[in-house]
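Here's the structure, in structure tokens; my notes come after.
Here is the naming used below: chain letters follow the sequence lines, and residue numbers restart at 1 for every chain.
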Protein chains: 2
Amino acid sequence: MTRAATRPPSRNTWQRQAVLRTIEAAGCHLSAEEIHRRARRAGRPIALATVYRTLETFLRTGLVESAHIGDGLVRYGLASDHHDHLVCLGCGQWRPLEGCVVPRPRSALTRGFVVTGHRLELYGYCAQCRGPQGRGEARP
Amino acid sequence: MTRAATRPPSRNTWQRQAVLRTIEAAGCHLSAEEIHRRARRAGRPIALATVYRTLETFLRTGLVESAHIGDGLVRYGLASDHHDHLVCLGCGQWRPLEGCVVPRPRSALTRGFVVTGHRLELYGYCAQCRGPQGRGEARP
DNA sequence: GACAAAATGAGAGCCGTTCTCATTAAGAGC
DNA sequence: GCTCTTAATGAGAACGGCTCTCATTTTGTC
């Protein structure tokens, strides 16, 4: 199987490796600031602009995907085939859902709109944040 | 009888009426800038800060809802019971889907995560943007 | 009409992100 | 291993959406 459209970045620098390793290690989506902080902590100092540029490059090559969460920050994570996620309202954690729960909508609902993709965010509380008290209010 | 949880703003100003009328008239979600521009065009000049403050008030009282779209702007629209939307990749139009297509996910998928709400964005092209050439690539 | 308090307007400030440009270093050719 | 080209980086200024501050205006009550 070829890499086809997702050709790798043309130069292999330690900064790019650091950014990719940071995202891989996280296991969930991170903001650019957070990637910057973690990459610095893990090794040599890297510029914030470089992190943004590297993320942009990775986005273009299809290596990572980006998404907005409620707080207005853009989060980055390893690209996956689908785009369904669990978002914890307690700690802000943003992690992929294993599997897709969105069926193809009936055309009567979309009324002339051609659907080419989707993104689903399921809000709630992770096991850690639920804690003993057990919250439960919904959010948009 | 009490005013319940969604009590209206305490003072009725023409600025608040203008913002609400603008959102109602649009029929889809608008950015704060766009609401500001349309409200100005429709009547007296209103300050951008006032638009933001008014939207914040409306959000608190549950009159409107906010959401992020891919371009990083926050969009505002009349609050509805559910949160499924059609997003046109051509013109950026963001409008509610009539009805909900998201089933309750099986707990095996969410693994300890308690789901309290969701938001779905269906990407694609509206009838106007599809045009004669018929695009079709997907986006995250 | 007088008064208190909420709401507004104008613009400065904040903060995440992008741009600019001099410098560095990856990778190709020899 | 050395040289050369040019993509990539670092530092910090600039940008843009949004929020904050404070003097002024307006609403609703008495």
Practice item. Specify the separation, in whole Å, of atom CD of A/Q17 and atom P of C/dA25. Key: 15 Å

Check your understanding: Between A/I23 and A/L55, is any pair of side-chain heavy atoms under 4.5 Å apart?
Key -> yes

**Study point:** Side chain B/H36, main chain B/I46, donor-acceptor under 3.5 Å
**Key:** yes

Review point. Could you state the CZ-P distance from A/R60 to D/dA8, rounded to the nearest angstrom?
Key: 8 Å

Check your understanding: According to a strict under-4.0 Å criterion, is B/T13 in side-chain N/O contact with OP1 or OP2 of C/dT8?
Key -> yes

Review point. Taking only N and O in the side chain of B/Q15, is any of them less than 4.0 Å away from OP1 or OP2 of D/dT26?
Key: no

Check your understanding: Which nucleotide, C/dA7, C/dG9, D/dA8, lies nearest any side-chain atom of B/T50?
Key -> C/dG9

**Study point:** Any B/R119 side-chain heavy atom under 4.5 Å of A/V87 side chain
**Key:** no

Exercise for review: Please state how far atom CD in A/E33 lies from atom P in C/dT18, giving the value in whole angstrom units.
Suggested key: 12 Å

Practice item. Tell whether B/R11 reaches the base of C/dA7 with its side chain through a donor-acceptor pair below 3.5 angstrom. Key: no

Point to revise | Atom-pair distance (OH on A/Y52; C1' on C/dT17), nearest Å | key: 5 Å

Study note, to complete from the structure: Comparing nearest nucleotides in DNA chain D, the 5'-proximal residue of the pair A/I46, B/V74 is A/I46

Review point. In whole angstroms, how far is the C1' atom of D/dA11 from the CZ atom of A/R53?
Key: 10 Å

Review point. Taking a hydrophobic cluster as the set of Ile, Leu, Val, Met, Phe, Trp and Tyr residues connected by side-chain heavy atoms closer than 4.5 Å, whether directly or through intermediates, do B/V115 and A/L120 fall within one such cluster?
Key: yes

Review point. Rounded to whole angstroms, how far apart are CD on A/E56 and C1' on C/dC19?
Key: 13 Å

**Study point:** Length of the line joining A/L48:CG and C/dT17:P, which is rounded to integer Å
**Key:** 8 Å

Revision key, fill the gap. Atom CZ of B/R44 and atom P of C/dA7 are separated, to the nearest Å, by 17 Å

